[in-house]
2 protein chains.
Amino acid sequence: MARGNTKRLITEAAVQVAAQHGISGASMDQIAEAAGVAKGSLYYNFASKDALFEEVIRDGFGRLAEAIDAAREGAEPTAAPRAVAAATLETLRGNLDLAKLMASEVFRTDRPWAGAMELARSSVVVRFSDVLRAARPGAEITETAGAAFFGALAGACLDWLLFRPDQPVDQVLDQVLFGI
Amino acid sequence: MARGNTKRLITEAAVQVAAQHGISGASMDQIAEAAGVAKGSLYYNFASKDALFEEVIRDGFGRLAEAIDAAREGAEPTAAPRAVAAATLETLRGNLDLAKLMASEVFRTDRPWAGAMELARSSVVVRFSDVLRAARPGAEITETAGAAFFGALAGACLDWLLFRPDQPVDQVLDQVLFGI
DNA sequence: GTCTATAAGGAGATAGAC
DNA sequence: GTCTATCTCCTTATAGAC
């Protein structure tokens, strides 16, 4: 089995296991079993459990940042908040385990990977702030508004996918943006 | 030492430890040490680690629900969203460890205490939805909007307290409510 | 009602065969 | 590059003294 593929198997299994139990509650044994590889292979491909999850975190937020950028490119500034929100909801829906994992670990500030986490979170928050600013040239918009927008999307999206999955995505979008 | 007091010492220590490491990562040994009691006392006062955190969860969301109700009572319907948002920010600021804990565990659906968690979360989401509906009699507002409002407040509040603590609370409030 | 001591099993990580 | 076997420490929970 090629190394690149094994690494991907491991990170995907890590996401799946940690979405249920949290990073602390996810054991390397469980991850190895979910990935279908031996525990030794985890430690060949990653220096430690912390290094493994640092990569998971970077990948996860990176994927979200790319989706935001793509959605923003194709939209007028005033329409961009809705386009970006839609892209975010779709990305989170397509990576539900990752979304749960991010939501549960994003505000942890005292772990080895906390620096990488804050860098990744911040890059997404900045994107949201920029989109809001461009849509409302007059308003005073700081990164706190971006954090609020991000929180609104994450909160509504997980409420939707976990507890009210029958809603159409447009309805969720309307509810998130009802004031914008 | 009276039993009521010991229980409170334990729950407060549990919040403090779990805010850092998550519930899975918080050990009963750490909690006992932080509470200043022996581990045996934890198991005298609570049937298990899961039972302990079920009480922590119920207490936490109960406190938030009370603050929301109090803020709503004293405000006109159109001013209620801001009043409720302010009360929420103040409550979370006064219980930062609890806020971190709630944010990180609220979407966990496969734990023994998941039922209690969803009941508690839902009671808060319903309150937010009601406040928004009363403020905008014409609009179609579902509980998803309440979940989004809750998410926006939690996201902005933790961004504020953890990474931009110098902002005045009114400015945070303005950023969260900029579209409402 | 709170303590100490301990049981039984799971954790992260490593060594060495293949 | 992946495996199995193993080390050591930490985990939840219980038993029984005080």
Side-chain angles (χ1 to χ4, degrees), chain A residues 1-57 59 101 104-105 108 110-117, chain B residues 1-57 59 101 104-105 108 110-117:
Chain A
M1 202 175 283
R3 169 171 172 160
N5 191 33
T6 298
K7 278 195 90 163
R8 210 168 43 79
L9 282 176
I10 293 170
T11 52
E12 281 172 7
V15 168
Q16 181 194 317
V17 174
Q20 290 180 7
H21 307 90
I23 292 180
S24 283
S27 77
M28 296 296 263
D29 279 300
Q30 286 175 298
I31 294 168
E33 192 189 337
V37 302
K39 186 158 61 161
S41 294
L42 268 59
Y43 285 94
Y44 177 82
N45 286 279
F46 298 94
S48 65
K49 182 182 172 181
D50 286 323
L52 164 55
F53 278 101
E54 186 166 328
E55 185 152 324
V56 166
I57 289 161
D59 277 8
L101 174 59
S104 72
E105 306 288 348
R108 218 135 275 175
D110 35 27
R111 289 297 180 78
W113 38 259
M117 174 66 91
Chain B
M1 204 174 282
R3 170 172 171 160
N5 191 34
T6 297
K7 279 195 91 164
R8 211 169 42 80
L9 282 177
I10 292 170
T11 53
E12 282 172 7
V15 167
Q16 181 195 317
V17 175
Q20 291 181 6
H21 307 90
I23 291 181
S24 283
S27 77
M28 295 295 262
D29 277 300
Q30 286 175 298
I31 295 168
E33 193 189 336
V37 302
K39 186 160 61 162
S41 295
L42 268 59
Y43 285 94
Y44 178 83
N45 286 279
F46 299 93
S48 65
K49 182 181 172 180
D50 286 322
L52 164 57
F53 278 100
E54 187 167 325
E55 186 152 323
V56 165
I57 288 162
D59 277 8
L101 174 58
S104 71
E105 306 287 349
R108 218 136 275 176
D110 35 26
R111 290 297 179 77
W113 39 258
M117 174 66 92

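Order of the sequence lines fixes the chain letters, A, B, ..., with proteins taken first and strands second; residue numbering starts at 1 for each chain.
Per the geometry, CD1 belonging to B:Ile31 stands 17 Å off P belonging to D:dC10, to the nearest Å. Spacing between atom NZ of B:Lys7 and atom P of C:dT2 amounts to 11 Å, rounded to whole angstrom units. Rounded to an integer number of Å, the gap from A:Phe53 CZ to C:dA13 P is 11 Å. Atom pair A:Phe46:CZ and C:dT14:C1' shows a separation of 18 Å (rounding to whole Å applied). For the pair B:Asn45 CG and C:dG1 C1', the computed distance is 8 Å after rounding to whole Å. The distance from atom CE of B:Met28 to atom P of C:dA11 is 18 Å, rounded to the nearest whole Å. In this structure, A:Gln30 atom CD and D:dT11 atom P are separated by 16 Å, rounded to whole Å. One interatomic measurement links the two molecules: NZ of B:Lys39 to P of C:dT6, which rounds to 13 Å at whole-angstrom precision.
Annotation: of the two residues near DNA chain C, A:Gly40 and A:Asp29, the 5′-most nearest-nucleotide partner is A:Asp29. Residue whose closest nucleotide on DNA chain C sits further toward the 5' end, between A:Lys49 and B:Ser41: B:Ser41.
Panel note: side chain A:Ser104, backbone A:Gly22; no donor-acceptor pair is recorded below 3.5 Å. B:Glu105 places a side-chain N or O within 3.5 Å of a backbone atom of B:Ile23 that can act as its donor or acceptor partner.
Within the 4.0 angstrom heavy-atom criterion, only backbone atoms of the sugar-phosphate kind lie near B:Ala26; the bases stay farther away.
With values rounded to the nearest 0.5 angstrom, A:Glu54 atom CD is found 13.0 Å from A:Arg111 atom CZ.
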Given side chain to side chain contact (heavy atoms under 4.5 Å, CB included), test A:Phe53 with A:Ile31 step by step and report yes or no. CA-CA 11 Å; A:Phe53 278 101; A:Ile31 294 168; 4.0 Å; yes
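Out of C:dT2, D:dC3, D:dT12, the shortest distance to the side chain of B:Tyr43 is found at D:dT12. Closest to the side chain of A:Ser48, from the set D:dA13, C:dG12, C:dA13, is C:dA13.
Distances shown here put a side-chain N or O of B:Tyr44 below 4.0 Å from the OP1 or OP2 atom of C:dG1. Residue B:Thr6 has no polar side-chain atom (N or O) positioned under 4.0 Å from OP1 or OP2 of C:dG1.
Across B:Ala32 and B:Ala38, no two heavy atoms sit closer than the pair CB-C, 4.0 Å.
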